[in-house]
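Accompanying notes for the structure given below.
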Amino acid sequence: MEFKYDVIVIGAGHAGCEAAAAAANLGSKTCLITMDMNKIGQMSCNPAVGGIAKGQIVREIDALGGYMGLVTDRTAIQFRMLNRSKGPAMWSPRAQCDRGKFIWAWREILENIPNLHIWQDTVEELLVENGEVTGVITCWGVTFHAKCVILTAGTFLNGLMHIGHKMLPGGRCAEPASYHLTESITRHGITAGRMKTGTPVRIDARSVDFSLMDTQDGENDFHRFSFISEPRKLKQLQCWTCFTNEEVHATLRGGLKDSPLYNGQIQSIGPRYCPSIETKIVTFPDKPQHQLFLEPEGETTRELYLNGFSSSLPMEIQIEALKKIPCFRNLVVYRPGYAIEYDYFDPTQLKHTLESKVIKNLFLAGQVNGTTGYEEAGGQGIIAGINAHINCHGGEPFVLGRDEAYIGVLIDDLVTKGVDEPYRMFTSRAEYRILLRQDDADMRLTERAYKLGLAKQDRYDALCKKREEIERLIEFAKTYSIKADKINDALESLGTARLTHGCKLIELLSRPQITIENIAPHIPAFQTALDKITERKEEIIEAAEIRIKYQGYIDRERMIADKIHRLESIRIKGKFDYASLNSLSTEARQKLIKIDPETLAQASRIPGISPSDINVLLVLMGR
């Protein structure tokens with residue numbers, strides 16, 4: 001073997017898998033280095049993919065030619081579309097997956113990608129010459145040479161697990177941590193910090209009284225994560241819900257003195273939006289109960305995941321508290337919950353390509369950038385993989401804007417604002433969320449990925465056919481005339497007002513009570529138009545209907561985004577000595593020096609930069 005590559009990816013979690021696959025599929029000779037080939041794509045916490053805003057990210061990864069959506073569909077044991085009661089900008093797909101099958105689906109994909117090798121080992125040192133990465137050295141003493149290195153080490157860098165007073169080094173339960181690599185990176189001037197996350201108890205299903213729980217069924221309609229997946233093949237399973245109570249809370253409060261979060265043992269900051277159960281009872285002392293979700297770990301296993309009960313309390317306190325919930329009175333667990341502390345690197349030291357500003361050709365993606373979640377990691381991974389390939393072989397940097405993708409919002413937030421706690425994506429973080437719907441991720445991104453060479457011909461052909469069908473339906477609705485006397489009885493039966501005069505079909509479809517599906521049987525010509533759709537019919541109808549009903553909102557948001565693009569076109573990097581600009585506030589000078597933004601729009605998003613500071617820069621630019 002010759003240990004020379006274009007791209008080396010360190011870590012085979014969700015970021016690493018997408019990064020390695022993207023670089024290799026684009027043509028770079030790539031090596032994915034992982035501690036354990038049997039844990040590729042491991043779901044360290046919840047065996048689920050998607051959720052609010054996260055589901056949109058997975059659809060974007062898929063639209064770009066990544067694999068998280070395909071793997072999720074292949075291994076899903078429950079699927080739901082969240083937020084259906086809200087507008088389509090908020091609809092978010094989520095799937096419970098078979099943890100074991102998820103790993104092997106990823107491994108099968110990676111082992112069959114040309115240009116991609118996998119090496120089982122632990123990287124201990126980053127090789128840098130003249131400010132540029134040249135390779136890595138592993139714990140087995142193997143030296144790899146590479147043009148680019150992508151670090152996706154998750155929670156493994158100096159990982160330390162906590163259960164009560166017990167502390168154990170590790171990157172995940174029963175898996176060793178990675179040492180020395182952080183120090184090898186920070187000696188070159190990259191800033192590191194510590195963060196914390198946690199995971200809950202795993203429960204033996206045979207010990208649960210399900211009759212005392214509410215069931216939560218999945219959905220079996222046409223929705224999937226990937227735009228090119230086949231229907232789900234695994235058996236679809238239930239989830240269950242229950243609630244904590246005052247007895248549970250009293251037991252937990254009695255154990256707080258031994259909690260690593262409250263006795264000073266853990267100093268780092270955990271995820272605000274995924275708090276431990278002990279944090280919940282401290283933060284919300286007046287709340288009498290908290291909802292818990294019991295979710296299967298696989299199609300055939302008895303192991304269950306207790307969502308909502310993340311904890312690092314002593315094991316006996318966790319079990320004692322849970323036994324105060326009636327459905328868990330005979331509780332048996334596979335393992336307790338635990339917290340883990342790990343190293344991350346300041347993401348403001350990255351470019352929007354996820355390349356380090358400090359070390360040339362070093363890319364960072366995933367939890368090492370201060371994020372939390374498989375989906376956020378995968379989104380960063382595919383962008384890092386694309387840009388590492390571009391650095392090796394030439395081309396324009398591949399960057400997604402805030403109006404193009406949630407991935408663009410995520411990366412811009414990281415490199416512009418930085419993090420002071422684990423970053424989690426929400427729809428509220430995206431100012432253009434009507435443009436960033438889960439239904440149109442392929443419309444937004446697949447053509448760009450196709451031109452890049454990442455999305456393949458079959459995917460592009462499917463996009464073109466879908467786009468033609470959507471436009472055909474919308475055009476039909478715009479031009480087809482409806483006569484009042486022919487449709488009024490149908491309108492009344494559908495609970496909407498009768499017409500006083502004729503109109504175009506699109507006006508009827510704009511009514512909230514009217515859908516393409518319920519009106520088509522009353523308009524034979526329209527039904528005939530629908531019947532001509534032979535593939536992905538439900539998906540096309542839904543996409544067309546969203547466009548019709550929300551076109552005004554979509555147009556308005558696009559107009560706002562286009563105005564902001566004017567600031568994006570004003571490049572300021574390298575044009576100012578910020579320290580000498582006394583007309584700027586002191587905070588603005590400090591932040592601009594630290595971030596060194598590429599454009600005026602990026603500068604406007606930096607916390608602490610006021611509109612008056614932006615006006616000063618505009619004046620100095622002669623605008």
Carboxylate-amine/guanidinium proximity below 4.0 Å for Glu219 and Arg80: no
Straight-line distance of Gln267 CD to Leu261 CG, nearest 0.5 Å: 11.0 Å
Over 12 non-hydrogen atoms of neighbours within 6.0 angstrom of OH in Tyr334: yes
Spacing of OH belonging to Tyr406 relative to CZ belonging to Phe426, to within rounding of 0.5 Å: 11.5 Å
Salt-bridge present (Glu376, Arg424; N to O < 4.0 Å): no
Ring geometry between Trp106 and Tyr67 (parallel below 30°, tilted from 30 to 60°, perpendicular above 60°): perpendicular
Basic-acidic side-chain contact under 4.0 Å: Asp412, Arg402: yes
Min side-chain heavy-atom separation Glu375-Met425 under 4.5 Å: no
Closest non-hydrogen atom pair between Ala339 and Ile266, with its separation: CB-CD1, 3.8 Å
Side chains of Pro271 and Met195 in contact at under 4.5 Å (non-hydrogen atoms): no
Atom pair CD1/CD of Ile595 and Gln349 - distance to nearest 0.5 Å: 9.5 Å
Pairwise side-chain contact, Tyr423 with Lys417, heavy-atom cut-off 4.5 Å (strictly under): no
Within 6.0 Å of CD in Gln291, more than 12 heavy atoms from elsewhere: yes
Exercise: do Arg605 and Thr416 side chains pair donor with acceptor under 3.5 Å: no
Any donor-acceptor pair under 3.5 Å from Thr152 side chain to Ile10 backbone: yes
Phe210 ring center within less than 6.0 Å of Trp240 ring center: yes
Pair Thr34-Lys39, side chain to side chain donor-acceptor pair (under 3.5 Å): steps then yes or no: CA-CA 9 Å; Thr34 175; Lys39 297 288 177 63; over 6 Å; no
Side chain proximity check, His223 to Pro93, heavy atoms < 4.5 angstrom: no
Donor-acceptor contact below 3.5 Å, side chain Asn369 vs main chain Thr371: no
Steps toward side chain to side chain donor-acceptor pair (under 3.5 Å) verdict (Thr199, Arg202): CA-CA 9 Å; Thr199 193; Arg202 305 303 200 271; 3.0 Å; yes
Basic-acidic side-chain contact under 4.0 Å: Asp62, Arg59: no
Heavy atoms of other groups near Glu246 CD, more than 12 under 6.0 Å: yes
Side chains of Thr372 and Gln367, donor plus acceptor under 3.5 Å: no
Residues Glu539 and Arg224 bridged, charged N to O under 4.0 Å: no
Test side chain to side chain donor-acceptor pair (under 3.5 Å) applied to Ser311 and Glu278, step by step: CA-CA 7 Å; Ser311 180; Glu278 52 265 43; 3.0 Å; yes
Distance-only side-chain donor-acceptor flag, Thr182 / Asp343, under 3.5 Å: yes
Backbone N/O of Asp204 and side chain of Ser207: donor-acceptor pair under 3.5 Å: yes
Spatial distance of atom CE (Met90) from atom CG (Leu82) [nearest 0.5 Å]: 11.0 Å
Under 3.5 Å donor-acceptor, Gln236 side chain and Ala76 backbone: yes
Check: Phe79 ring centroid to Phe225 ring centroid under 6.0 Å: yes
Crowding at CE, Met315 (>12 non-hydrogen neighbours, <6.0 Å): no
Ser92 and Gln438 side chains, donor-acceptor separation under 3.5 Å: no
Side-chain donor or acceptor of Lys549 paired with backbone N/O of Arg511 under 3.5 Å: yes
Side chains of Asp217 and Gln238, donor plus acceptor under 3.5 Å: yes
Partner of Gln513 under side-chain contact (heavy atoms from CB on, under 4.5 Å), chosen from Asn518, Ile519, Thr496: Thr496
pair Glu18-Ile61: side-chain heavy atoms closer than 4.5 Å: yes
Arg84 atom CZ, neighbour heavy-atom count above 12 within 6.0 Å: yes
Donor-acceptor under 3.5 Å (Arg556 side chain, Tyr553 main chain): no
Donor on one side chain, acceptor on other, Thr427 and Arg433, under 3.5 Å: no
Gln78 side chain to Leu237 backbone, donor-acceptor under 3.5 Å: yes
Separation between NZ of Lys287 and OG1 of Thr244, rounded to the nearest 0.5 Å: 8.5 Å
Carboxylate-amine/guanidinium contact Asp346 Arg194, below 4.0 Å: no
Heavy-atom pair with the smallest gap, counting every atom of Pro296 and Gln96: O-NE2, 3.5 Å
Side chains of Phe156 and Pro176 in contact at under 4.5 Å (non-hydrogen atoms): no
Worked check of side chain to side chain contact (heavy atoms under 4.5 Å, CB included) between Ile514 and Leu494: CA-CA 7 Å; Ile514 302 297; Leu494 294 171; 3.7 Å; yes
Ser211-Asp209 side chain donor-acceptor pair, cut-off 3.5 Å: yes
Heavy atoms of other groups near Arg558 CZ, more than 12 under 6.0 Å: yes
Heavy atoms from other residues, nucleotides or ligands near NZ of Lys86 exceed 12 (cutoff 6.0 Å): no
Check: Trp91 and Ile546 side chains under 4.5 Å, non-hydrogen atoms: yes
Test item: Leu252 and Leu313 side chains (from C-beta on) under 4.5 Å apart, heavy atoms: yes
Nearest-0.5 Å distance that lies between atom CG in Leu509 and atom CD in Gln551: 13.0 Å
Phe284, CZ atom: more than 12 neighbouring heavy atoms under 6.0 Å: no
